[in-house]
Structure formats: structure tokens, C-alpha cells
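Have a look at the structure below, then the notes.
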Amino acid sequence: MIPDKNSIIQAAVVAANRLLASAGWPFRDSGDICQEGLLRLYQVSGREEYLEPVKAVWDTNRKFYMDVNRWLDSFTCLPFEMNRLKSDDSFLPVLEQLAEYAIKNTPRDSDGAAGNLSKNSVKISVERMHGYVLLMARAGGLSQKTRYLDEAVGQCSIYRQVLLDKNTGLWNRGRGWDSDSGVPNGPFWLRAQAMALHTLAHTAVILPETYPGITDMKQWIVSFTESLFKYRDSRGMWHQLTDKPSSYPETAGTGIILESLYMLVQAGWLNKEKYLPLLDQSLAALVGFLHRDGRIGNAGMDFRIGAPAEAYDLTPPLLNNAFGSGAFLLACTAPFLPDNPTNP
Amino acid sequence: MAFCGTSEEYDFYRKILQNSFSGNLIAVRPGRVSHLRPNAVWVGSIQHKRYEHIAGWLGQGIHVLTEPPAPADPALFSLLQTNASLHNARAGFSYYHRFQTSSEKAADLISRGVLGTLQSIKIQLNDPEKDQLMTFRHNSFLGPGTCLIDLVRFITGINSGSVQSGSLPVPGKPLPDREINLRMDFGGVPALYSNIRHHLDDTAGWSVQFIGNRGQMKLSTENRLEILEREGWRTLENGRSTDFVYAVRMLVNDFLVSATYGKEPEVNLTDAMAVGLAEASAEKATLTQQVILTGAMSHDSR
């Protein structure tokens, strides 16, 4: 059953209004996912009050957002989103330059994964894969140059080889952060799963139907989705440590996963009959974490890569976690985006 | 909904909920709950096998609302969370102070940045008997003070990450009269916790003062909220001694919606975990002088 649009959008409005009333929200580390969430809410509600604050951030920080390092570390590519929404193509001339710069200057580890140089060794993480791959995919999508798409899909393949756990089908968060042993850094943090899925999903929908690597990408997405659903709880939530039901149900990761899965279903990458009812159940469960004041409960904190599982598991979530608000907005708006074929 | 607690508690809450409660509240002995299979259980101050019962009920799919104290053992949280997750049961905790109108306003002021950047917090527990929401003393290290730990977390949005030092000026005094001074830390903001009465302060049962670089505010018993302005303290919310009724009704009704429709209670297991672990570290700090809870690094702790 498709969730009732009015009640879901109303929940998003409550969360968005709370977010916008928070001091300094755009400049937190999580400001970019919040901006993307607000843009989505603008798309489904048509209310300019959710577009204007993001435009204001974009207009006053245009130079800041043109910095390639910012793109590699951010959840959102705000220039890309603004281009898509408002045909603001002022960044197009530099997009390819940024992609070229990233290809040439991003350090690689021994497997060829684009990572971060730290203390003379290259460390990799799902977060870096997310930033790097989406920059390449978007550059490829807009410039129609296969070189960038190849780089995006190639990095997905390398990262998947290194970080995907064969037993669980889940992603480790990184490698090389606590030692040079080559053993990936666990645990199976939900937000790492969410970032991995978000990377694959947002790259997949950019690929042309005739792209040679599309079959591999589809297989990666289908098998990862099947693995994720093995770990969903009885009400439809995923948990802070994905493979441990004893950890708490986590809303930020669940929100990003839902946004990605709705998009994949709508784009025909996943079976609609099989997954849509499950997604709707999960979305209803996620909305149940909205507090009456617009805060989102159970949005877990970020941790140092390499931190022990206990830190993830036994650190209570914050009650002012803006990352959770952004993820909540993405999930609540995903089923109702204008280009959504399932839109009632 | 079944109520497991003392008859005094049952009468107290039943009176508060009169005419506002859509459910049917019946007093039940813990041992009878599994036989009766109610939709939900409200757990008062029962002590014997308290969390053994709660874990068992969650494992039967029965929703549970629990009065403080929260458990302090991580393994117990894991058990409660596992049972709740596997059996689609909701676990709520009754930190009622969050639902007072003064607390909601205080949280809003902090979030809007009215006080600027938070510099320090002062938590003072003078006389819990003056607060109806602390009527039933909690048998734990901080006793009724745990409600204030949750309140600060609710208002600031951040966790108590560590207890840096503590002292017991009168060692060996039995609960609940033990005198405690603690230096705590909420996401980098230092907080002083004391239950040693300061006679120079006001006569409120308790007060929590938030000091920012652009202003100060003070929350105290009877739903009172004041903000410091150039002319002195201005009262933003001046409650009455009966305002606690609203808070209890709001929390219980929130839990009823959870038990009926499946939404997550606003005060849930993770909130109890935050308070339980903070209390455990406070107790330990009086012995070791320093306890750091975790190696967490937050992106959103501002």
C-alpha cells in the first residue's frame, strides 16, 4: 500500500520547520544532507519556503561549494542539485575540471581505490567512495563522457571487492585506519551500508541503458538489497549495527536506504511488486520516530573509523542530530517525487 | 494496560489520568502479567526481578512503559533491545519532565541559539519532595536526579559523555540522603551536578541553569522558566504546582499511541541507555575520579 501522501509530507514539514529554526543548520557537517532534503521537500510540496534557504546558502557560498575537496567529503553535490532544479548551469564549465583534478590528484591504495592520504599511507572509506564516485558519475552524466562513468563504476567495483564482506553481504566502513594489516575496518555500521547503497543507486540511475557495465551494476545492487533485507527488523527498521538486533533501530541510515531503494524501484532497477510494500512498511516505521517538536529520534552519531563496535552500539544517539533530519526528509519525499512512476 | 507497582503509585497515577485516559488501567502483580497477556504494561517501582520481568514481557510482544531507574548494564540494554526488536514491542521510559511546557520552551530557545554557544550547565537538586514528578524516590545512585540528567539531555540534545570527577563529602551515608558533587560533560559543555543544598540559592526543589555566551536561562520546579536579561531574571513560564498532571498525561498518551499504532515512544530505550550509562559513570567517578564513557566522535554535537 502506498503511504498516505498527506500524512508523510506533513511529517516532513514538521521536521523541516524544526530544522530551519535551528541556529546555524546549513553550516554543520550535516548541513548538506539537510539541504538536499529541503530541495526534495520543495519538489514534492512546491513550497518555495524550502527552496529559498538552500538557494541562499548556494548563492553566498558558491565559491566554497566549487572546492573539489568539499565535494569529495559531502553528501550532496549542491551545484548538481541546483542545476537539476533550477537550470543553474553556472558550475558546468568547472565540473569537468574538478573531475579531472580529482582523477589526477586523489591518492590510490594498492588496489587502486581512491582514498585519503594520511601518515604516508592511503586509507579508504565508504564515505570517500561516496564522494568520489558520485562526482565522477555526475560529471559523466552531464558531459556524456564515458571516461567519467568508467571511473565511477570502476571505483565501485574496486571498493566492493575490498570492503564487501562475503559472508554477510554487508559493507565494512573502510580499510587502513587503525593498522596496515589490510583487514577492513568494521563493524557493519548501518550508515556505511546506507552510503554504499546511495553511491550505487545514484550512479546506476545516471548510467545510459547501453552502458557496458550496467549488468554488473544491476547484480551488485540486487544482491546488496537482498542482503540488507535479511537484517531488517519486524517493524521495518534497520539497526545501528546492521547485523545485530541488540543494537538500537537507527533512523539516519534507514532514511538514506529508503530514499535509495525507492529511487531504484521507480527507475526499474528493483522489482516493484516485491519491494514497494516492504519500503512502505519501513517508511511508516521511520515516521514513527518523529518527535512532536520535529526532532528525529534514534539518529546515530558518527564515529572515528576504526572505533570498536561497542562505541557504535553503546553510545546513545543525539537528540539534535541534523543528519537524521536530512535523511528523514529524503526518505519521506522519495515516494512522491514528480518523476516517480508510482506517484498516486 | 496493566500497572505493576505499589498501590500508592497506582492510586496516584489513576487519579492523574482520570478523564484523560482512553485505555483501561488495571493493577496487576508482575507474576500475573504473562497469564493475562495485556497489550501493555506500566512498570512502577517494583524491584524484585524488575528487568527480568520487563525483558520477558517484551519477548512476548507486550509493550512496556517503565519508571526510572534505567538499567545501567549494557548487556541488559542489549537483551531488552533484542526482545523488543524481534517481537515488535515498544519500550518507553517515563521521564515526565520533558513534557512540561517550560522544558519544551527551553529546548526551543537552545535550538534557536538564543543563549548563543552553551558554556556551562548547573544542575542543582535541593528537595525532590517539592516536585510531584519526583514523588516516588528512585532506588539508584542519583535517585530522582536522573530525571534532571534526562532533562538536560532533552533540552540540549546532547549526551552526557563523561563524568570527570566526583566526590562524596559524607561517605557511607545511605541512599537517598547521600550528598553528591559531580563534574559532568555534555558534548564538551561542562556541567556541575550537586544535591548539596545551597542556601544562598532559591528555594526551588531543583533548578537547572544554562549559561551561554549570549545569555542564561533557568528551569526549576513547578514548570518555571526564567531568562536573564539586562534588567534581571524575566519569567517566561510561571507554572502552577498542578502542571505536572499535564506532563504525565502527555507521556502516557504518547506511549498509548505507541502501543496502539506502533510508533516509537518519544522517550525510549536509547534515552534510558543515555541516563543509565551516565548514572553508572557518575557512581564510578566517585571512586575513580574520572570516567569516559565512549570514544564517540560526533559530527553534530554543537
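Here is the naming used below: chain letters follow the sequence lines, and residue numbers restart at 1 for every chain.
From A:Y248, atom OH reaches atom CD of B:Q81 across 10.0 Å, with rounding to the nearest 0.5 Å. B:S111 OG to A:L19 CG: the interatomic distance, rounded to the nearest 0.5 Å, is 9.0 Å. Remark: A:S246 OG to B:L79 CG distance equals 9.5 Å, nearest 0.5 Å. The distance from atom CD1 of B:I110 to atom OG of A:S22, rounded to the nearest 0.5 Å, is 12.0 Å. Taking CD from B:E264 and CD1 from A:I296, the interatomic distance works out to 12.5 Å, rounded to the nearest 0.5 Å.
Just one residue in the list B:T270, B:D271, B:N159 forms a side chain to side chain contact (heavy atoms under 4.5 Å, CB included) with A:L319, and that residue is B:D271.
Side-chain contact check for A:P316 versus B:R153: some heavy-atom pair is nearer than 4.5 Å. Between B:F99 and A:R292 there is a side-chain heavy-atom pair separated by less than 4.5 Å. With contacts defined as side-chain heavy-atom distances shorter than 4.5 Å, the pair A:N298/B:N268 qualifies. Residues A:R235 and B:R90 have side chains in contact (heavy-atom distance under 4.5 Å, counting atoms from C-beta outward). Contact check for B:S85 versus A:H239: side-chain heavy atoms found under the 4.5 Å cut-off. Taking the side chain as every heavy atom from C-beta outward, B:M273 and A:L314 approach each other to under 4.5 Å.
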- Please lay out, stage by stage, how B:T156 and A:N320 fare under the test side-chain contact (heavy atoms from CB on, under 4.5 Å). CA-CA 8 Å; B:T156 61; A:N320 65 349; over 6 Å; no
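If you tally non-hydrogen atom pairs under 4.5 Å between each of A:P308, A:A299, A:G288 and chain B, the highest count goes to A:G288.
Atom NZ of A:K244 sits in a sparse spot, with 12 or fewer heavy atoms from other residues, nucleotides or ligands closer than 6.0 Å.
B:F154 touches chain A through backbone and side chain together, each having a heavy atom under 4.5 Å away. Residue contact with chain B, scored on non-hydrogen atoms closer than 4.5 Å, involves the side chain of A:R295 exclusively.
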